[in-house]
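In what follows, a structure is listed as structure tokens, so that the remarks can point back to it.
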Amino acid sequence: MNNQAELIRQILLEPDSEDDLLSDGSELEDHVSARSQDSGTEQDLSSDYDSEDDVPLSDLQFPNQRLPEEEQSDSQVTNLFFVGKDGTKWSKEPPVQQVRTRSENIIRQTSGVSQVAKLAQSELECWSLFFPESMLSIILTHTNLQIRERNTGCESIPHFKKEIDMPEFKAFIGLLYIAGFYRSGRQNTVDLWASDGTGVEIFRLTMSRQRFHYIQSCLRFDNKDTRDERKLLDNIAPIRQVFEMFVENCKQSYIPGEYVTIDEMLLAFRGRCKFRQYIPSKPAKYGVKILAMVDAKKFYILNLEIYAGKQPVGPFAVSNKPFDVVNRLVQPISKTGRNVTFDNWFTSFELVSHLLNEHKLTSVGTVRKNKRQIPKEFINTRSRNALIYSSKFGFQKDVTLVTHIPKKNKVVILMSSLHHDAAIDESTGEKRKPEINTFYNSTKGGVDVADELSATYDVSRNSRKWPLTVFYAMLNMAGINANIIHGSNTQAIQKRRNFIKTLGRMLVTEHLRARKEIPQLPRQLRKRIREFSGEPDEEPPIRVPGVRKRCQVCPYARHRKTSNVCEDCHKYICPEHTVSFCKDCATTAENNSV
């Protein structure tokens with residue numbers, strides 16, 4: 001009986017063909033991941049490693065993708081795999097899919113406007129989702145504290161230096177948007193307030209140019225008395241509270257689509273700032289860097305993080321490595337099955353694996369050629385086989401690597417956990433770009449487009465204070481996000497320029513209504529404010545016989561008084577500005593005007 005069992009065991013263990021034998025007659029052991037080749041199941045880790053601490057990260061994420069060198073000949077490894085510098089092996093054949101839709105491609109959250117923002121209908125209501133009264137009150141409180149400090153010791157305070165209230169603060173923001181609408185955000189304010197017909201009238205109607213500059217110079221976003229203490233722990237303490245409130249409002253108001261982009265923005269700034277960045281590829285070159293996550297199709301700005309340099313030891317000391325930055329930015333969409341696209345500054349094998357395993361997010365990105373997981377065949381473009389428009393693919397059970405040669409001596413390397421085959425996009429014609437490449441091109445521009453939209457109607461003004469630069473950027477982003485929510489809620493097709501224009505007018509309206517009641521304002525100015533607000537003009541003054549008043553046409557300095565009043569506009573006019581008509585001519589002029 002024992003002999004029979006031994007015979008059966010030998011038959012079962014006998015190689016099927018000579019192809020399964022090595023040159024020395026020993027059996028070839030198959031170390032390829034089962035899921036990568038056929039069954040989709042994972043095998044145990046190789047016993048060559050004593051503990052998980054000794055196992056490279058790629059082996060922990062993808063067991064059995066590395067083949068023990070002593071058990072494989074060079075020719076067999078070459079035939080089955082591409083091998084990276086660190087020994088990472090990429091199969092030449094794509095994995096066999098056992099399911100129609102992989103679990104990481106199932107979107108677990110419906111995109112669109114969230115419940116908290118569904119009721120916002122007007123442009124101002126949509127904008128207020130990002131700058132609510134509570135947030136504006138914080139800025140208003142600290143700004144008035146700064147005004148009081150400046151006015152300390154002054155015997156008489158000029159009118160333009162008085163404290164501001166909420167309607168006037170909103171009007172100030174509205175003028176910033178209107179300046180951006182006219183694409184004159186950084187234009188000299190003398191031109192905007194010009195009264196010779198070349199200026200923009202709404203600026204003069206809303207407030208004086210001197211008042212506008214004074215409010216701008218006094219803007220503060222935190223308590224100045226405790227700032228020095230907080231700066232010992234946080235480089236961005238002057239705007240930390242307001243910025244985090246804004247970012248939280250962005251997260252709560254909208255649910256992004258299935259594709260998002262992570263990239264960096266650079267806010268133009270050349271003043272003094274300890275974490276100012278120099279990025280020669282950006283138009284501004286110098287400025288404050290903001291890392292952003294944006295919806296790749298709708299361009300809604302979802303999450304932001306200011307690059308604050310090396311933070312002091314404390315609660316705000318975080319790593320600025322690409323891996324850690326992306327790990328923080330994707331928290332709002334973690335475990336929702338979405339895809340994240342980023343460029344080669346962020347992309348690494350470890351990050352792609354981490355997003356897939358820990359956050360249930362797929363990712364696509366370009367890869368730098370110095371990454372140690374990339375095989376040399378993917379980088380060498382000078383060999384005989386490196387033809388223009390050719391591509392090579394390497395596969396692991398959840399990650400695909402592809403290299404494409406778009407032109408002579410140029411190579412594009414991409415890594416994806418969303419794609420799992422060697423598909424070529426036929427729509428690219430003779431260029432024969434891989435589908436991974438065309439997908440990356442279609443989703444990589446989310447942050448760049450949002451940056452371009454901000455620059456189109458930019459509200460920012462030249463400043464030597466970096467918190468003001470960040471505040472202007474927040475206003476630009478709020479305008480973009482509010483426009484998206486307004487279009488979704490109202491189903492109205494409205495150009496962004498019209499949205500910005502309407503928003504600016506709405507923000508200044510409340511202050512204009514209060515300003516027209518100021519008796520010290522010239523009557524003509526009050527009349528124009530009423531016309532602008534759509535309100536009827538005030539009743540004409542009742543003429544009292546014998547009462548003399550200043551001529552309203554003569555220059556103020558002449559101080560010429562008269563009792564004559566125009567029959568049409570009811571202005572007091574002196575004889576110099578009076579025109580006499582006979583009854584017949586007056587009747588004819590009246591009939592012609594009708």
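What you see is a predicted model, and the numbers here were worked out from it, not measured in a lab. Counting begins at 1 with the first residue of the sequence.
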Check side chain to side chain donor-acceptor pair (under 3.5 Å) between N327 and all other residues, then give those that pass, not counting sequence neighbours. H354, H359

Q331: partners by side chain to side chain donor-acceptor pair (under 3.5 Å), with sequence neighbours left out: none

Considering residues, nucleotides and ligands other than E452, do more than 12 of their heavy atoms fall under 6.0 Å from its CD? no

Please determine whether the number of non-hydrogen atoms from other residues, nucleotides or ligands lying under 6.0 Å from atom NZ of K285 exceeds 12. yes

Can you name the nearest heavy-atom pair linking [X] to [Y], along with the distance?
{"X": "G446", "Y": "T261", "result": "N-OG1, 3.5 Å"}
{"X": "L129", "Y": "A120", "result": "CD1-CB, 4.0 Å"}
{"X": "W90", "Y": "Q396", "result": "CE3-CG, 3.7 Å"}
{"X": "I388", "Y": "K408", "result": "CD1-N, 3.8 Å"}
{"X": "A308", "Y": "N235", "result": "O-ND2, 2.9 Å"}
{"X": "P406", "Y": "Y389", "result": "O-CE2, 3.3 Å"}

Determine, stepwise, if the pair Q494 / E123 fulfils side-chain contact (heavy atoms from CB on, under 4.5 Å). CA-CA 11 Å; Q494 184 182 28; E123 289 83 353; 3.4 Å; yes

Test side-chain contact (heavy atoms from CB on, under 4.5 Å) on T403 and I379; report intermediate values, then the result. CA-CA 8 Å; T403 181; I379 303 173; over 6 Å; no

Sort and list the pairs that fulfil side-chain hydrogen bond (donor to acceptor under 3.5 Å, both in side chains) and have at least one residue in residues 468-483, not counting sequence neighbours. Q216-Y472, D458-N476

Give me each pair satisfying side-chain hydrogen bond (donor to acceptor under 3.5 Å, both in side chains) with a member in residues 287-309, each pair once, sequence neighbours excluded.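 Counting only pairs at least two positions apart or across chains, the side-chain hydrogen bond (donor to acceptor under 3.5 Å, both in side chains) contacts touching residues 287-309 are E305-R328.
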
Quick one: [atom1] on [X] to [atom2] on [Y], what's the gap to the nearest 0.5 Å?
{"X": "L401", "Y": "F393", "atom1": "CG", "atom2": "CZ", "value": "10.0 Å"}
{"X": "I306", "Y": "I239", "atom1": "CD1", "atom2": "CD1", "value": "6.5 Å"}
{"X": "F395", "Y": "D421", "atom1": "CZ", "atom2": "CG", "value": "6.5 Å"}
{"X": "M477", "Y": "L453", "atom1": "CE", "atom2": "CG", "value": "11.5 Å"}
{"X": "F346", "Y": "T341", "atom1": "CZ", "atom2": "OG1", "value": "12.0 Å"}
{"X": "L475", "Y": "I480", "atom1": "CG", "atom2": "CD1", "value": "11.5 Å"}

For N339 and T362, does a side-chain donor sit closer than 3.5 Å to a side-chain acceptor? yes

Once you measure the plane-to-plane angle for F499 and H486, does it fall in the parallel (<30°), tilted (30-60°) or perpendicular (>60°) bin? tilted

Give the ring-plane orientation class for F131 versus F246, where under 30° counts as parallel, over 60° as perpendicular and anything between as tilted.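 The rings of F131 and F246 sit tilted, inter-plane angle from 30° to 60°.
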
Using a 4.5 Å cut-off on heavy atoms from C-beta on, say whether the side chain of [Y] contacts that of [X].
{"X": "V447", "Y": "E264", "value": "no"}
{"X": "I333", "Y": "P256", "value": "yes"}
{"X": "L355", "Y": "S417", "value": "no"}
{"X": "K89", "Y": "S91", "value": "no"}
{"X": "I301", "Y": "C250", "value": "no"}
{"X": "V364", "Y": "H419", "value": "yes"}
{"X": "I262", "Y": "V330", "value": "yes"}
{"X": "M245", "Y": "M474", "value": "no"}

Considering residues at least two apart in sequence or located in another chain, which fulfil the ring pair (Phe, Tyr, Trp, His ring centres under 6.0 Å) criterion with [X]?
{"X": "Y278", "answer": "Y286"}
{"X": "Y440", "answer": "none"}
{"X": "F275", "answer": "W466"}
{"X": "F342", "answer": "none"}

Would you say the side-chain atoms of K335 pair up with the backbone N or O of E358, donor to acceptor, closer than 3.5 Å?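 Looks like yes, one N/O pair under 3.5 Å.
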
Is a donor on one side and an acceptor on the other found under 3.5 Å between the side chain of D263 and the backbone of D448? no

Check: residues 313-323 side-chain donor-acceptor pairs under 3.5 Å, at least two apart:
from	atom 1	to	atom 2	distance (Å)
S319	OG	K321	N	3.2
S319	OG	D324	OD2	2.6
N320	ND2	G309	O	3.0

Checking Y259 against R338 for the side-chain contact (heavy atoms from CB on, under 4.5 Å) test, could you report, in this order, the C-alpha distance in whole Å, the side-chain angles of both residues, the deciding distance, and whether it holds? CA-CA 6 Å; Y259 307 124; R338 284 168 168 74; over 6 Å; no

Test side-chain contact (heavy atoms from CB on, under 4.5 Å) on F471 and V459 and set out the steps. CA-CA 10 Å; F471 176 67; V459 307; over 6 Å; no

Salt bridge (charged side-chain N to carboxylate O under 4.0 Å, His left out): which pairs involve residues 469-482, sequence neighbours left out? none

Donor-acceptor contacts under 3.5 Å from residues 429-439 side chains, at least two apart:
from	atom 1	to	atom 2	distance (Å)
N437	OD1	N441	ND2	3.3
T438	OG1	D425	OD2	3.2
T438	OG1	E435	O	3.1

Name each donor-acceptor pair under 3.5 Å that joins a side chain in residues 365-372 to protein atoms two or more places apart or in another chain, with its distance.
from	atom 1	to	atom 2	distance (Å)
T366	OG1	N344	N	3.0

